[in-house]
Novice: 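My questions all concern the structure below.
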Amino acid sequence: MAQNENFLQREVNGNKFELLQGDITKQETEAVVNAANKKLAPGGGVAGAIHRAAGPELWEESKQLGGCETGEAKLTEGYELPAAYVIHTVGPVYSNSPEDPKLLESSYKNSLELAKEEGISSISFPALSTGAFGYPERKAGEIAINTIKSFLENNGIPELVRLVLYGESSFRLHEKLFNETFESR
Ligand code: APR
């Protein structure tokens, strides 16, 4: 991948953790993560973009899966996407309750566990829950970065985890959090 200004990479336990400004539907990692709803139905934001880019077969497969609870993750094929698989996870709707951070952490962790079980070597995440679900971006970003980093430290896989931020301001905020997290080791 071409290195551009809005890209950062760190090595964790021999694997790569990347931050990129871009579009989740364009990522060529083996799996991309969908910020799904409980019905796994096409929606707006990431879910809408993923379903449009993957084509109608994605919904045909998704609707057989019996939905998905908040914090859980389910796997489908990627169809017309560059990614072979989509891991669908439902982040929490932000309510400022103590459950929010636990559920958001579960969404990242269960997606990574599913990738591990399936032998998926590279995976791209969007900033789960920070759009329609209203999770404050800084709080969500801290959870995303810490959960991915811990998973890589403890499991040594996948080979590559990429957090894909949509837009410059979102990238800059996550860049700051990413650097702070790695500097405080
Ligand atoms: N690539 C990467 N990131 C994107 C893209 C894209 N193509 N489109 C939007 N984003 C960003 C948003 O800017 C936001 O920061 O992804 C983040 C998550 O936004 P949402 O897709 O709204 O996800 P979420 O907050 O988890 O809400 C999920 O929205 O579309 C519905 O059906 C979906 O009900 C579910 C809910």
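This one's a predicted model, so the numbers in the text were calculated from it and none came from an experiment. Every heavy atom of this structure was used, including side-chain atoms; hydrogens, water molecules and symmetry mates were not. As the structure lists them, so they are numbered: ligands from 1, and atoms in each ligand from 1.
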Novice: Heavy-atom contact under 4.0 Å between A127 and ligand 1?
Specialist: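 Under 4.0 Å: yes for A127.
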
Novice: Polar contacts were defined as any N/O atom of the residue lying under 3.5 Å from an N/O atom of the ligand; does this apply to I24 and ligand 1?
Specialist: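 Min N/O separation from ligand 1 is below 3.5 Å for I24.
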
Novice: For S129, is at least one N or O under 3.5 Å away from an N or O on ligand 1?
Specialist: yes

Novice: What is the nearest protein non-hydrogen atom to atom 21 (O) of ligand 1, stated with its residue, atom name and distance?
Specialist: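 The closest heavy atom on the protein side is V46 N, 2.8 Å.
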
Novice: For atom 36 (C) of ligand 1, what's the nearest protein heavy-atom neighbour? Residue, atom name and distance, please.
Specialist: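 For atom 36 (C) of ligand 1, the nearest protein heavy atom is F133 CE2, 3.4 Å.
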
Novice: Under 4.0 Å from a heavy atom of G44: which atoms of ligand 1 are those, numbered in the order shown and with their elements?
Specialist: 30 (O), 31 (C)

Novice: Quick test: of every protein heavy atom, which one is nearest to atom 22 (O) of ligand 1, and how far off is it to 0.1 Å?
Specialist: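 Result: A132 N, 2.8 Å.
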
Novice: Hey, could you give me the NE2/CG distance between H88 and L114, rounded to the nearest 0.5 Å?
Specialist: 10.0 Å

Novice: Evaluate the salt bridge (charged side-chain N to carboxylate O under 4.0 Å, His left out) criterion for residues E180 and K176: first the C-alpha distance (whole Å), next the side-chain angles of each, then the deciding distance (0.1 Å), finally the verdict.
Specialist: CA-CA 6 Å; E180 283 168 7; K176 195 166 175 288; 3.0 Å; yes

Novice: Less than 3.5 Å between some nitrogen or oxygen of N37 and one of ligand 1, yes or no?
Specialist: yes

Novice: How close do W59 and K39 get, heavy atom to heavy atom, and via which atoms?
Specialist: CZ3-O, 3.7 Å

Novice: Considering only non-hydrogen protein atoms, determine which one is nearest to atom 15 (O) of ligand 1 and report residue, atom name and distance to 0.1 Å.
Specialist: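 For this ligand atom, the closest protein heavy atom is T130 OG1, 2.7 Å.
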
Novice: In the complex you have, is atom 12 (C) of ligand 1 within reach of the protein, judged by whether a heavy-atom distance drops under 4.0 Å?
Specialist: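 Flag for atom 12 (C) of ligand 1 set to false, no protein heavy atom closer than 4.0 Å.
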
Novice: Identify the protein heavy atom lying closest to atom 23 (O) of ligand 1, giving its residue, its atom name and the separation to 0.1 Å.
Specialist: A35 CB, 3.5 Å

Novice: Among F178, F151, F125, which one satisfies ring-ring contact (aromatic ring centres under 6.0 Å, His included) with F17?
Specialist: F178

